Amino acid sequence: MQIEGNIIDIEKRKIFSGVILVENGVIKSITENNNRYKYFIAPGFVDAHVHIESSMLVPSEFSKLAIRKGTVALVADPHEIANVLGKEGVGFMVEEAKYASIKMFFTIPSCVPATSFDCSGGKISSHDVENLFDSGLFVGLSEMMNIPGVLMDDIEVWSKINSARKRNLVIDGHAPGLKGDDLIKYIAAGITTDHECTTKEEALEKITGGMKILIREGSAAKNYEALKDLIKEYPDEVMFCTDDSHPDDLIKIGHIDKMVKRAVADGFDLFDVLKIASLNPIRHYHLDVGTLKVGEKADFAIYDNLKDFSVLSVYIDGIKRYDRSIREVDDIANRSGNIILNKFVRKEIEKSDIIKYVSHHVPCIDVEDGKIVTGKKIFKVAADSFDLESDLEYDVLKIVYINRYKNENPQIAHIHGVGLKRGAFATSISHDSHNLIAVGCSNKEIVAAVNAVIREKGGLAIADGDSGRVEVMALPIAGIMSYQKGNEIAGKWEELCDRLNEMGCSLSSPFMTLSFMALVVIPELKIGERGLFEYSTFSFIS
């Protein structure tokens, strides 16, 4: 097979017209010529860190959306499903990736459960990590969120680290705000990346210490603008990642290509940008992905221009997996059947389960649109009350946390900044353990939304008190994913979000924001297993 076009050689920093000869999925030769072409051939993009589960899609459906954007490979951390199902969930993702159109490489989740404050359905021990590495299916250890465990020489944490180190495999980091001597010790453990930097100053200290910085631009967290100068100053020390990508964003905004387009439009050097988007992650994680070199796998994309990087076709191992002219993504194989794994024992709740006495001063989670960091707000009620459902004038709503792995009492608190004027919404996607969480204007509506999710054993739901209507998007796989196609999930997601906006919700992405309200390791106030958790005191306060 021969492919002709304007070939981009990132290392030699040149573009030339030529012909690529591919045999048995490998590039046998690249020959220059004097022909004129309107299109460009370049190494495909690589997402250096992503939780596929956050898209609510199985790997094969995720890949069908990503490949259209020029992505040929990704490094996935199956942390979300591992918190529900442990090793079984990790195995599910690895198996499902066999049906993906692009190359998927996996790291082993290092922190399951995510914290000692969480109640998850799965657990991955250091013994499990050792056995998983022995399978030879993993390229590294996933983000090490247990910073205290690293710094305090926790035996279990260091056993996981040493399992990766003795195999010379990558250890990913997760160290928001870490600096000074603590950062030095964290890096000395062999942790080589961080995707949590929110300022250039933070990134520079980590680069100086020897870390690679992943510039993240996902659906939940966006750090490109703060870190973009690193593209010019440290092109060898930077990679692009999304961390999470919802299907509507993949379709409308893009994947790694959205950062590539933005960086080129911002005036950064094309070859530096493409190096960051492809070569750097391939080399850092030692991925079996071609970089448009003789003797390497034929993994590349063909673009019609170098401004918006509109994809004409994508080749994986020399096979055309995507062709824009026929709008198709080539399936790898057909399943014999869909496997449904889950862990969801929660029984339906009643209104009496979510009634809570409130005192004169009510602490509220103070949420701001587009941010997962929350504040603490005190709402003053006129007098002590048997229950406070909501105060719509002051935008105070009830928030409920429910363990889905055990039939224990729900935790009840209040939240400010959602804007909802009627109804309620609930989800079984709540980081990191994926228990149930709901917000609403009344107990009746909260119960209706929660029970709709429980009946489906996972999903998203809205209950509208005015119409009595309950809408549900079922997520039967671990309560966080579905086998539905990407455009179907994206369409339903958008429909639910639009519905909530009609009901007064002021959040641009209500379910996404709600999913982070149980993530107690992010400041300042969240809701968890024992009520409200205050990050500054690192303790439950109710």
Side-chain angles (χ1 to χ4, degrees), residues 49-56 77 79-81 83-84 111 113-115 117-120 143 145 174 176-177 195-196 198 216-223 241-246 248-249 364-377 397-404 411 413-420 424-440 453 458-461 475 479-481 493 496-497 500 505-529 531-536 538 540:
H49 174 78
V50 63
H51 305 283
I52 296 171
E53 307 98 304
S54 292
S55 70
M56 298 172 286
D77 172 7
H79 170 90
E80 309 299 343
I81 196 169
N83 267 281
V84 180
C111 301
T115 73
F117 301 109
D118 286 301
C119 180
S120 65
E143 53 184 306
M145 296 184 290
H174 172 109
H195 60 274
E196 294 289 343
T198 58
R216 173 178 58 185
E217 192 75 7
S219 295
K222 303 176 187 297
N223 308 122
C241 81
T242 60
D243 204 7
D244 69 89
S245 285
H246 286 180
D248 54 330
D249 282 352
C364 296
I365 299 170
D366 192 17
V367 66
E368 186 176 345
D369 192 26
K371 295 184 179 180
I372 62 177
V373 172
T374 58
K376 179 180 179 181
K377 192 177 187 71
L397 305 175
K398 181 174 284 188
I399 183 168
V400 178
Y401 171 101
I402 303 170
N403 191 314
R404 62 129 135 175
Q411 297 296 327
H414 291 84
I415 188 168
H416 172 268
V418 175
L420 202 64
F425 60 111
T427 178
S428 56
I429 300 174
S430 64
H431 302 286
D432 278 315
S433 297
H434 301 293
N435 287 298
L436 281 161
I437 193 163
V439 165
V453 174
L460 315 176
L475 299 172
I480 58 176
M481 289 188 295
W493 168 272
L496 291 175
C497 290
L500 284 173
C505 183
S506 57
L507 301 173
S508 56
S509 188
F511 286 103
M512 182 196 304
T513 300
L514 185 59
S515 73
F516 284 99
M517 292 304 103
L519 189 55
V520 299
V521 294
I522 300 293
E524 167 58 24
L525 212 60
K526 297 293 192 291
I527 187 169
E529 277 298 310
L532 281 177
F533 186 89
E534 189 174 55
Y535 184 84
S536 58
F538 220 68
F540 286 97

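Here the structure is a predicted model, which means the values were calculated and not measured.
Ring geometry, F117 versus F540: the interplanar angle exceeds 60°, so the pair is classed perpendicular (tilted spans 30 to 60°).
For the pair E368 (side chain) and G417 (backbone), a donor-acceptor distance under 3.5 Å is absent. Using modelled atom types, one side-chain atom of E53 and one backbone atom of E80 make a donor-acceptor pair closer than 3.5 Å. Side-chain N or O atoms of S430 include one that pairs as donor or acceptor with a backbone N or O of N435 at under 3.5 Å. Side chain of T242 to main chain of E217: no donor-acceptor pair is present (N/O by atom type, distance under 3.5 Å, no hydrogens or angles). No donor-acceptor pair closer than 3.5 Å links the side chain of Q411 to the backbone N or O of Y401. Under a 3.5 Å cut-off, the side chain of D369 and the backbone N or O of S508 do form a donor-acceptor pair. Looking at S219, its side chain does come within 3.5 Å of a backbone N or O of H246 through a donor-acceptor pair. Remark: side-chain polar atoms of H51 are paired, donor with acceptor, to backbone N or O of D77 under 3.5 angstrom.
Counting only heavy atoms from C-beta outward, the side chains of M56 and L460 approach each other to under 4.5 Å. A 4.5 Å side-chain heavy-atom check between E524 and V373 finds every atom pair outside the cut-off. With contacts defined as side-chain heavy-atom distances shorter than 4.5 Å, the pair F425/L496 does not qualify. Within the 4.5 Å cutoff, the side chain of H434 has no heavy atoms near those of the S428 side chain. Counting only heavy atoms from C-beta outward, the side chains of V418 and C505 approach each other to under 4.5 Å.
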Report task. Start with the C-alpha distance between V84 and R404, add both sets of side-chain angles, then the distance that settles side chain to side chain contact (heavy atoms under 4.5 Å, CB included), and finish with yes or no. Result -> CA-CA 10 Å; V84 180; R404 62 129 135 175; 3.6 Å; yes
Requested in this report: Check step by step if side chain to side chain contact (heavy atoms under 4.5 Å, CB included) holds for D432 and M145.
Outcome: CA-CA 11 Å; D432 278 315; M145 296 184 290; 4.1 Å; yes
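No side-chain donor from either of E143 and H79 sits under 3.5 Å from a side-chain acceptor of the other.
For the atom pair I365 CD1 and L397 CG, the distance stands at 11.0 Å (nearest 0.5 Å). Atom CE of M517 and atom NE2 of H431 lie 10.0 Å apart (nearest 0.5 Å). In this structure, S55 OG and D249 CG are separated by 11.0 Å, a value rounded to the nearest 0.5 Å. With rounding to the nearest 0.5 Å, the separation of OG1 in T427 from CE in M512 is 11.5 Å. The structure places CD1 of I437 at 9.5 Å from CD1 of I402, a figure rounded to the nearest 0.5 Å. A distance of 6.5 Å separates CD of E534 from CG of L525, quoted to the nearest 0.5 Å.
Considering every non-hydrogen atom in both S433 and D118, the closest pair reads OG-CB, 3.2 Å. In plain terms, the two heavy atoms of L475 and I429 that are nearest each other are CD1-CD1, 3.6 Å.
Residues satisfying the side-chain hydrogen bond (donor to acceptor under 3.5 Å, both in side chains) criterion with K526, sequence neighbours excluded, are T374.
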